[in-house]
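We name chains A, B, ... by the order of the sequence lines, and we start the count at 1 in each one. Just the heavy atoms: all of them, side chains too, but no hydrogens, waters or symmetry mates, feed the values below.
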Amino acid sequence: MSDMISKLSYYATFPFVRYALIVGILIALCSSLLGVTLVLKRFSFIGDGLSHVAFGAIAIASVLQYATESSFSELIDKSNQMIIVLPLTIISAILLLRTGQNTKIKGDAAIAMISVGALAFGYLLMNIFSTSSNISGDVCTTLFGSTSILTLNLSDVWLCIILSIIVLFVFVFFYHKIFDVTFDENFAKSVGTNTNRYNLLIAIIIAVIIVLAMNLVGSLLVSALVIFPALSVMRIFRSFKMVTISSAVLSVICTFLGIVISILASTPVGSTIVAVDVVFFAIFSLVGKIMRRY
Amino acid sequence: MSIVTCKDLTLGYETGAVASNINFSIDSGDYLCIVGENGSGKSTLMKTLLGLTSPLSGEILFEDGLKKNEIGYLPQQTLVQKDFPASIFEVVISGCQNRKGIRPFYNKEEKSLAMQNIKKLGIDEFIGTCYRDLSGGQQQRVLLARALCATQKVLILDEPVSGLDPLVTNEMYQLISDLNKDGITIIMVSHDINAAVTYANKILHIGHKIFFGTKEDYVHSKIGRRFLEQD
Ligand SMILES: Nc1ncnc2c1ncn2[C@@H]1O[C@H](COP(=O)(O)OP(=O)(O)O)[C@@H](O)[C@H]1O
Ligand SMILES: [Mg+2]
């Protein structure tokens with residue numbers, strides 16, 4: 001035990017460990033906020049589709065970097081990538097929302113096409129243009145998150161902090177509207193709420209969250225980070241407010257634990273966090289069942 | 001003085017027309033029941049009145065100072081709500097969303113309006129309960145309280161008693177009738193033709209033949225007699 005603590009405090013002296021914790025906690029906080037909406041509005045498909053699109057966008061970003069500054073390809077900077085990845089993902093979010101709303105079945109097919117297509121093209125692009133000697137390592141990192149602790153520089157951390165603050169602010173400001181369109185879109189529309197506008201807002205926030213969270217857990221595991229905390233606390237809590245607050249708290253706890261465990265056990269950070277999320281989901285389901293019985 | 005008038009309305013979706021030649025008008029204080037076979041377009045008419053879908057042709061006039069978004073709405077239950085974690089208060093106060101506008105939080109008046117309607121519908125004893133844990137009848141009351149937060153003028157109810165047991169059904173009809181006596185105009189879709197002729201003062205029958213008129217005329221009309229006998 002003291003061994004673990006000394007190991008942890010030794011690691012905590014490194015700035016990159018502190019950065020990883022700050023960024024991890026912020027991302028966990030943001031990503032859990034829209035979990036309920038995503039699950040209950042049947043928006044999960046957008047979350048899934050988007051994470052694949054974001055993978056393709058990262059591939060495009062690295063290709064563009066290769067084309068423009070191939071001689072400096074050593075300087076692949078994540079925040080530079082973000083400038084390309086974020087708008088591409090937001091645009092895809094809007095497109096997916098449109099197709100998803102128009103015709104149900106065709107919408108699903110379109111989403112499957114877009115997401116699988118983005119995966120294939122992303123991998124293809126990375127293979128053709130990558131200057132890295134370790135392509136499969138890069139791909140694996142993009143899909144599942146980094147294999148060890150995140151290495152972020154200060155500008156990454158700032159970008160993440162700024163985006164998180166924007167997401168938090170927008171969520172709090174539009175909290176009731178998000179409830180209104182999630183709980184009963186038809187009613188909201190009938191009393192004059194511009195539901196299209198708020199659906200769009202939700203889709204954009206989801207896109208930002210996914211791009212943020214991809215840094216932490218990789219594109220394939222993003223949905224887990226968004227959905228698990230909400231699904232867990234929904235087993236126990238009974239109001240939208242409590243579910244929202246407690247899923248944020250749970251998400252932060254899981255992510256913190258996940259990062260710490262990944263440091264101690266030298267496991268991949270993304271899958272460790274998701275594993276912790278799954279364990280807590282099991283615990284909450286059990287507690288929920290017991291509570292319902294008595 | 002009529003508050004809503006529909007002229008030569010054709011209802012439908014991109015896929016085609018569902019019902020056509022619909023003409024009727026509603027006066028303030030009316031209790032209009034809309035009856036017809038399954039799939040004849042009753043829900044579509046409700047959605048059209050609410051502006052959720054647009055009519056294929058014809059027009060809907062809102063008169064006498066009634067605004068389109070001043071109509072309260074009790075929808076047929078959607079799947080989403082079945083397992084939604086929301087407290088009764090959260091659901092009811094969402095009826096004030098239009099009143100609130102762009103303000104991020106509800107103010108005192110809106111909160112007390114919500115409480116008032118919760119008490120009015122007799123669900124204040126369940127206030128701490130989750131919406132999804134309520135019985136069907138209680139859920140309908142919650143949604144009705146929400147609709148009352150949105151309007152004091154017109155309520156649209158789409159099959160408000162479907163899935164309720166007979167006792168609760170009668171309570172629900174009584175409640176709606178009381179609201180009508182308080183001066184709220186009721187537009188209700190119903191499966192239950194007997195309830196329609198008991199409580200409503202006007203009937204709109206849609207289907208191959210359209211009937212619109214007072215309850216008394218409907219009972220004596222050919223289309224009404226045939227529909228009543230079926231039951
Ligand atoms: N969103 C929709 N798009 C296309 N057709 C629809 C849609 N909703 C309902 N319909 C069709 O319109 C017809 C009338 O439906 P509806 O108004 O729900 O009937 P009712 O409420 O009288 O039972 C049905 O044939 C139904 O299949
Ligand atoms: Mg119907």
[atom1]/[X] to [atom2]/[Y] distance, rounded to the nearest 0.5 angstrom?
{"X": "B/S87", "Y": "A/R238", "atom1": "OG", "atom2": "CZ", "answer": "11.5 Å"}
{"X": "A/M242", "Y": "B/C130", "atom1": "CE", "atom2": "SG", "answer": "12.0 Å"}
{"X": "A/F187", "Y": "B/N98", "atom1": "CZ", "atom2": "CG", "answer": "9.0 Å"}

Using non-hydrogen atoms and a 4.5 Å limit, figure out which bit of B/R99 sits close to chain A: side chain, backbone, both or neither. neither
B/Q97 side chain vs A/V191 backbone, donor-acceptor pair below 3.5 Å: no
Per-residue contact mode, [X] against chain B (heavy atom under 4.5 angstrom):
{"X": "A/F174", "answer": "side chain"}
{"X": "A/V172", "answer": "both"}
{"X": "A/Y175", "answer": "side chain"}

Could you report the tightest heavy-atom contact between A/K177 and B/K100, atom names first, then the distance? CE-NZ, 4.0 Å
Where along residues 48-58 of chain B does a heavy atom come under 4.5 Å of chain A, listed by residue number? B/L50, B/L52
Select all residues of residues 103-118 of chain B having any heavy atom within less than 4.5 Å of some heavy atom of chain A, and report them by number, or 'none'. B/P104, B/F105, B/Y106
Pairwise side-chain contact, B/S94 with A/F179, heavy-atom cut-off 4.5 Å (strictly under): yes
Quick check: are there more than 12 heavy atoms from other residues, nucleotides or ligands sitting under 6.0 Å from CZ of A/F256? no
Heavy-atom neighbours of B/K153 NZ exceed 12 at 6.0 Å: yes
Max heavy-atom pairs within cutoff under 4.5 Å with chain A, candidates B/I71, B/V91, B/I88, goes to B/V91
Among B/K47, B/K67, B/E90, the residue with the most heavy-atom pairs under 4.5 Å to chain A is B/E90
Please work out whether the ring planes of A/F240 and B/F84 are parallel, tilted or perpendicular, with thresholds of 30° and 60°. parallel
